[in-house]
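First listed ligand is number 1; within each ligand, the first listed atom is number 1.
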Amino acid sequence: MIKSMRVLVVIVSMLLVFPTWGERPGRAAVSSAHEAATAAGEEILRRGGNAFDAAVAVSAALAVVEPESSGIGGGGFWLLHLAEDNASVMVDGRETAPAAATSDMYLDEEGNVNRDLATNGPLAAGIPGAPAAWVHIAEKYGTLPLGDLLAPAIRLAEEGFEVDAKYQTLLNFRSHVMLRWAETAEIFMPDGDVPELGTRIVQPDLARTLRALAEHGHDGFYRGEVAEKLASGARAEGGIWTLDDLAGYQVIEREPIRTEYQGYELITASPPSSGGIAIAQMLNIIEPFELGELDRVERTHLLSEAMRRAYRDRALYLGDPDFVDIPYDMLLSKHYAAGVRTTIRLDRALESAALAADPARNVVESDNTTHFSLMDSDGNLVSGTLTVNLPFGAAFAAPGTGVLLNNEMDDFAAAPGEPNAFGLIGFEANAIEPGKRMLSSMSPTIVRSDERTAVIGTPGGSRIITMVLLGVLDFIDGNGPESWVSMPRFHHQYLPDEISAERDAFNEDEIAALEALGHEVSIRTRPAGNMHGVMWDRARDTVEAAHDPRWPSGGAVVIEED
Ligand code: GLY
């Protein structure tokens, strides 16, 4: 009796706090990392497509014009909210380990991880999920033919796009690897070097692959000529992909992680992303604190301590939910968070070593991955975070396909406690197994109250989760997307045991105060993240979109209804 009354109370209060969305924004909004991709989304919305149609067009266009960050040879998570049904789903297009993958495939005779094999060339590549996700979203949730949705991307591949500062900067990290494969270098470095700004990159093979997908749907990529070229091209250069691996790839629809914080509902990424659980944990840990009453040092210290603890649990417990038992109830419980909170002192940082695990070694850091946020005039929402892992993925394009392969296998724990390219460690839960999906940090998120809705996300490797946390807190503080995307960022990920901050995040006194609490503060030379957000404010009847000013190639647009 008492239990059923409690259930009733919860349902009634959920209805009061999170009413079904009867109203509609009456305007659409798109924000992505590239103007041409935002324009592709706008084109589809103006033709009467819904948010899900536009999401496919934006994703495919990004795959062409932002090859450093995502692509048809990669994967991602697309968090969809269907306004009419007031329902949300996460389309998991994460890559899978090939059937011949083994837990020790990157270890040398001494048991050390061979970082070159784990990150460069086709052995580093998981079976791509992006094209399967595009087809799935178009067929199940879209209203326009797949060919129409891929048309802007095909056009961009055929006509080319101009090299921008982001392409150039990130290629500088990977050009030495790209030069190992003549055909790959020819596409992305047409003059044999990192191209000048404005150089046109034309991708006729990729256009043909996109046409095969437009014409034959899923099978256009995963079976037949494209699949044969992918598998044979990968195997010729040390990869292990088979036709069966490609033919067997399937997207999975997953229940998003949901949590509640100060009257807001968060709908966010579920495993194999670690993002949603970690964000929920951090919010649960900080919930009793009045953040507004803390000064900047106290607030940074508290958030960093919450981050440290959530990333420690990430390393211990999270992996592909189809392979490991994830203790969801424990990790998402407010009681568990309350226990964790008791280990936080406001006057002193805890050393990560006191939480048990091996120290991380040097981190080779780079921004990668991409994100777009989208809303249509009916209030359908898409938060999509997509990736090829490191910039330009494995730096290898399968000959004759234009498909740049991901190097997502490095998101597995290649050896227990051994850090990957982002310094993240993992254990058994994220060990390599055939068919398994590697743990991710991608955290596409939707936040809503009865008055305001935010669609938010960012690239940035292991920092994605904390950047989304900071953006969500800024939204809950009452600010709009211009503020979330541009605010200075800081991050703690358990190991390395440091607060890593953007140059303008703290002044000298604040750094000294954080150090006095026991934190090591490391200042980044480069910006962190590339956040794109849209917001619907029902009370003010406004729709806003903003792209991250750190990389000017982004594009954000609000589209009035005709
Ligand atoms: N490859 C980056 C991520 O999935 O988190």
Check ligand 1 against [X] and write out every atom of the ligand that is under 4.0 Å from a heavy-atom position of the residue.
X	value
N389	1 (N), 2 (C)
E408	1 (N), 2 (C), 4 (O)
T387	1 (N)

What residue and atom, counting heavy atoms only, is the protein's closest point to [atom], and at what distance?
atom	result
atom 5 (O) of ligand 1	S441 N, 2.7 Å
atom 2 (C) of ligand 1	D411 OD2, 3.3 Å
atom 4 (O) of ligand 1	S440 OG, 2.7 Å

Strictly by modelled atom types, are [X] and [Y] linked by a side-chain donor-acceptor pair under 3.5 Å?
X	Y	result
W78	T385	no
S441	R314	yes
H492	E305	no

- Message: Parallel, tilted or perpendicular, judged at 30° and 60°: which one describes the rings of H532 and H371?
- Response: parallel
- Message: Students often mix this up, so state it plainly: with edges at 30° and 60°, are the rings of F188 and Y167 parallel, tilted or perpendicular?
- Response: tilted
- Is ligand 1 under 4.0 Å from a heavy atom in the side chain of M438, in the backbone, in both, or in neither?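 Under 4.0 Å from ligand 1, M438 contributes no heavy atoms.
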- Item | Contact partition for R463 relative to ligand 1, non-hydrogen atoms under 4.0 Å | neither
- Which pair of heavy atoms, one from L171 and one from M178, lies closest together, and at what distance?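 Result for this residue pair: CD1-CE, 3.8 Å.
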- Query: Has ligand 1 got any nitrogen or oxygen that is less than 3.5 angstrom from a nitrogen or oxygen of R94?
  - Reply: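 Yes, there is a polar N/O contact under 3.5 Å.
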- Item | Residue pairs involving residues 316-332 (criterion side chain to side chain donor-acceptor pair (under 3.5 Å); sequence neighbours excluded) | R254-D322
